[in-house]
Amino acid sequence: MENGPATGGLAVDDLSSSAPAGVVSQWSFNVSQRYQNLLDKSVPHVLYRWIACLAVALIYAVRVYLVQGFHIITYGLGIYLLNLLIAFLSPQIDPEIQDGPTLPTRESDEFRPFVRRLLEFKFWHSITKAFCIAFVMTFFSVFDVPVFWPILLFYWILLFILTMRRQMMHMIKYKYVPFSFGKQRYGKRAPSTDSPSLSGD
């Protein structure tokens, strides 16, 4: 008889503890769903997305300039952005290890569009999210590690030059351009003059 109330008490405690967890789970699901909906709506608005990204980057730069600190965060952010840029400029399948058809190198070759390793939307989203996270981190003094920032800046510039030089050499070697502007556009095919007449002559 003594076990009955104890068992019932545990059931009530389990229900009371699971109720807040269910509310939090439902709230996080609703937030993530609305966030994904906003992302989906922003896909075609490329220019406005990048303007917003530049605004976020400017806000972060002003914040770091005003507090005169958090150079380690900025350096880590710069390394992360450099990795994103390399992925954005690289083909999805590396020509060095590709066994299938390669990118066209002559005008007569079959047209195959350049497929990036990192798509433009994911590139934008990752950059914007990185700046937002870095901005939030500047409000915690634990991340403000004292360093001599000119050395970090020099090292990042050197790393950027070496990395981009290697990327340019890769592009020249395999003859691909990771941008669509200036490429040949194909319109409607002109009617052939060699086709037989339909007039019955």
Side-chain angles (χ1 to χ4, degrees), residues 25 27-64 70-104 110-140 143 152-153 155-186:
S25 177
W27 178 81
S28 62
F29 174 76
N30 291 335
V31 170
S32 63
Q33 196 174 28
R34 290 185 179 181
Y35 179 70
Q36 186 61 46
N37 188 27
L38 288 175
L39 288 180
D40 294 340
K41 290 181 178 179
S42 68
V43 169
H45 306 290
V46 179
L47 178 61
Y48 296 112
R49 284 195 284 106
W50 283 104
I51 290 176
C53 180
L54 290 177
V56 172
L58 181 62
I59 292 173
Y60 174 78
V62 171
R63 167 68 179 168
V64 172
F70 299 99
H71 304 300
I72 287 293
I73 295 178
T74 305
Y75 176 73
L77 178 64
I79 296 296
Y80 179 70
L81 296 182
L82 182 58
N83 288 330
L84 291 177
L85 179 61
I86 295 301
F88 178 72
L89 297 178
S90 301
Q92 188 177 31
I93 301 178
D94 194 341
E96 291 183 351
I97 60 176
Q98 184 179 7
D99 296 329
T102 59
L103 293 171
E110 179 185 357
F111 173 74
R112 285 184 292 273
F114 180 83
V115 180
R116 304 179 186 279
R117 186 187 306 171
L118 182 65
L119 299 179
E120 181 273 333
F121 181 80
K122 291 185 177 180
F123 180 54
W124 164 82
H125 184 244
S126 299
I127 290 178
T128 307
K129 186 167 60 175
F131 272 108
C132 291
I133 293 174
F135 179 77
V136 172
M137 292 175 68
T138 59
F139 290 93
F140 299 92
F143 298 112
L152 292 181
L153 179 61
Y155 183 71
W156 186 86
I157 292 176
L158 180 63
L159 186 63
F160 177 82
I161 293 174
L162 293 177
T163 305
M164 292 306 297
R165 180 177 177 272
R166 184 178 60 183
Q167 183 67 25
M168 292 294 295
M169 295 299 294
H170 190 269
M171 292 166 57
I172 294 173
K173 180 179 179 180
Y174 293 100
K175 299 181 177 65
Y176 67 89
V177 179
F179 302 104
S180 59
F181 59 85
K183 292 187 177 180
Q184 183 177 0
R185 301 285 183 178
Y186 296 94

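Since we're looking at a predicted model, the values are computed, not measured.
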Practice task
Mind checking the CH2-CD1 spacing from W124 to I127? Nearest 0.5 Å is all I need.
Solution key: 10.5 Å
Problem - Backbone of S25 reached by a side-chain donor or acceptor of S28 within 3.5 Å - result: yes
Exercise for the section: Decide if atom CE of M168 counts as having more than 12 heavy atoms of other residues, nucleotides or ligands within a radius under 6.0 Å. Expected result: no
Fill in the blank from the handout: Scanning both residues in full, the closest heavy-atom pair of E120 with F88 reads CA-CE1, 3.8 Å
Handout entry: Min side-chain heavy-atom separation N83-T163 under 4.5 Å
Key = no
Problem - Residue pair M137 / F70, side-chain heavy-atom distance below 4.5 Å - result: no
Exercise for the section: Consider only side-chain N and O atoms of D40 and Q36, and report whether a donor and an acceptor are under 3.5 Å apart. Expected result: yes
Exercise for the section: Using a cut-off of 6.0 Å, state whether more than 12 heavy atoms not belonging to F139 lie near its atom CZ. Expected result: yes
Exercise for the section: Examine the side chains of Y60 and T74 and answer whether a donor and an acceptor come within less than 3.5 Å of each other. Expected result: yes
Problem - Within-4.5 Å side-chain heavy-atom neighbours: L89 and R117 - result: no
Exercise for the section: Answer yes or no: is there a side-chain heavy-atom contact under 4.5 Å between L54 and L58? Expected result: no
Exercise for the section: Determine whether the aromatic ring centres of F123 and W50 lie less than 6.0 Å apart. Expected result: yes
Problem - Test: R49 cationic atom under 6.0 Å from F121 six-membered ring centre, within 45° of axis - result: no
Practice task
With rounding to the nearest 0.5 Å, note down the distance linking OH in Y80 to CG in L85.
Solution key: 12.5 Å
Practice task
Kindly indicate whether the side chain of T138, heavy atoms from C-beta on, has any atom under 4.5 Å from the side chain of F143.
Solution key: no
Handout entry: SG-NZ distance between C53 and K129, expressed to the nearest 0.5 angstrom
Key = 12.5 Å
Exercise for the section: Nearest 0.5 Å please: distance from the CG atom of L162 over to the CZ atom of R166. Expected result: 9.0 Å
Practice task
With rounding to the nearest 0.5 Å, note down the distance linking CZ in F140 to CD1 in I73.
Solution key: 10.0 Å
Handout entry: Nearest-0.5 Å distance, CG of residue L77 to CD1 of residue I72
Key = 12.5 Å
Exercise for the section: Report yes if some heavy atom in the side chain of L82 is under 4.5 Å from a heavy atom in the side chain of F160; otherwise report no. Expected result: yes
Problem - Side-chain heavy atoms of F131 within contact of L81, under 4.5 Å - result: yes
